[in-house]
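Please read all numbers here as calculations on a predicted model, not as lab measurements.
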Amino acid sequence: MSKKSDIVLGIELDENNVPEKLAWTASDGGINNEEAKAYLLSVWDSNAKETLRIDLWTKDMPVDEMKQLIHQTLVGLTDTYLRATADELMADTMRQFTDYFAEKLNLKGGVN
């Protein structure tokens, strides 16, 4: 028997269709209508062989938090890439870039 699980992304827009409030629910994870400041979602379209993306953030998301979000996303993508491909050489190259990124943006301790 298979199990179905849903993740729901809620978006409240202003009159110009700019996100004002974001929230998400993942019942299997115990998350119920939790506030978020940004969504970065990638979906692989196997037929078209391309990535579909949804990148949304609220108009009050601080720039310093956006920098941290992007850095942490890059670190996470590096980990995912390594787990999916076992390509240690490229993962190390990606890690070097994420360290450089953090250094240039003065993000303390790398992953914040």
Side-chain angles (χ1 to χ4, degrees):
M1 180 188 317
S2 65
K3 178 181 176 181
K4 181 181 177 192
S5 179
D6 292 320
I7 297 172
V8 179
L9 304 177
I11 305 159
E12 289 184 35
L13 305 171
D14 69 9
E15 63 279 351
N16 297 313
N17 291 326
V18 175
E20 282 191 313
K21 291 185 180 179
L22 302 175
W24 67 295
T25 298
S27 54
D28 279 2
I31 308 294
N32 186 27
N33 205 33
E34 281 290 320
E35 182 181 343
K37 290 290 184 187
Y39 300 143
L40 303 178
L41 175 66
S42 297
V43 177
W44 179 248
D45 182 332
S46 184
N47 294 325
K49 303 289 187 235
E50 66 184 17
T51 302
L52 308 174
R53 294 181 23 214
I54 298 173
D55 297 337
L56 296 173
W57 56 92
T58 60
K59 56 186 171 184
D60 66 342
M61 174 136 183
V63 172
D64 63 323
E65 289 184 20
M66 179 58 85
K67 290 176 182 180
Q68 288 180 326
L69 170 65
I70 297 300
H71 176 256
Q72 290 179 19
T73 299
L74 291 171
V75 169
L77 286 172
T78 300
D79 294 341
T80 300
Y81 178 82
L82 180 59
R83 280 194 320 274
T85 66
D87 183 347
E88 301 235 8
L89 183 62
M90 185 53 69
D92 186 53
T93 300
M94 294 168 71
R95 243 182 249 105
Q96 289 174 32
F97 174 74
T98 60
D99 290 346
Y100 172 81
F101 187 93
E103 178 185 326
K104 290 299 178 185
L105 292 179
N106 295 313
L107 299 176
K108 297 177 186 153
V111 177
N112 292 320

Are Leu82 and Glu88 packed together at the side-chain level, in the sense that at least one heavy-atom pair is separated by less than 4.5 angstrom?
yes
Does the side chain of Lys59 come within less than 4.5 Å of Asp14's, by heavy atoms?
yes
Please indicate whether Ile54 has more than 12 foreign heavy atoms, meaning atoms of other residues, nucleotides or ligands, lying under 6.0 Å from its CD1.
no
Rounded to the nearest 0.5 angstrom, the CD-CD distance for Glu15 and Glu20 is 7.0 Å
Determine, using the 4.5 Å side-chain heavy-atom cutoff (strictly less than), whether Leu89 and Met94 are members of one ILVMFWY cluster.
no
Are the side chain of Tyr39 and the backbone of Gly10 linked by a donor-acceptor contact shorter than 3.5 Å?
yes
Is the backbone N or O of Asn33 less than 3.5 Å from a side-chain atom of Thr25, with the two atoms forming a donor-acceptor pair by type?
yes
Can you tell if the side chain of Leu52 reaches within under 4.5 Å of the side chain of Ser42, non-hydrogen atoms only?
no
So do Leu40 and Ile70 actually touch side chain to side chain, heavy atoms under 4.5 Å?
yes
Could you check if a side-chain atom of Asp64 sits within less than 4.5 angstrom of a side-chain atom of Gln68, using non-hydrogen atoms only?
no
Going by heavy atoms in the side chains, are Thr58 and Lys21 under 4.5 Å from each other?
no
Close side-chain approach of Lys49 to Trp44, heavy-atom, < 4.5 Å
yes
I'd like to know if the side chain of Asp92 pairs up with that of Gln96 as donor and acceptor (distance under 3.5 Å, no hydrogens or angles considered).
yes
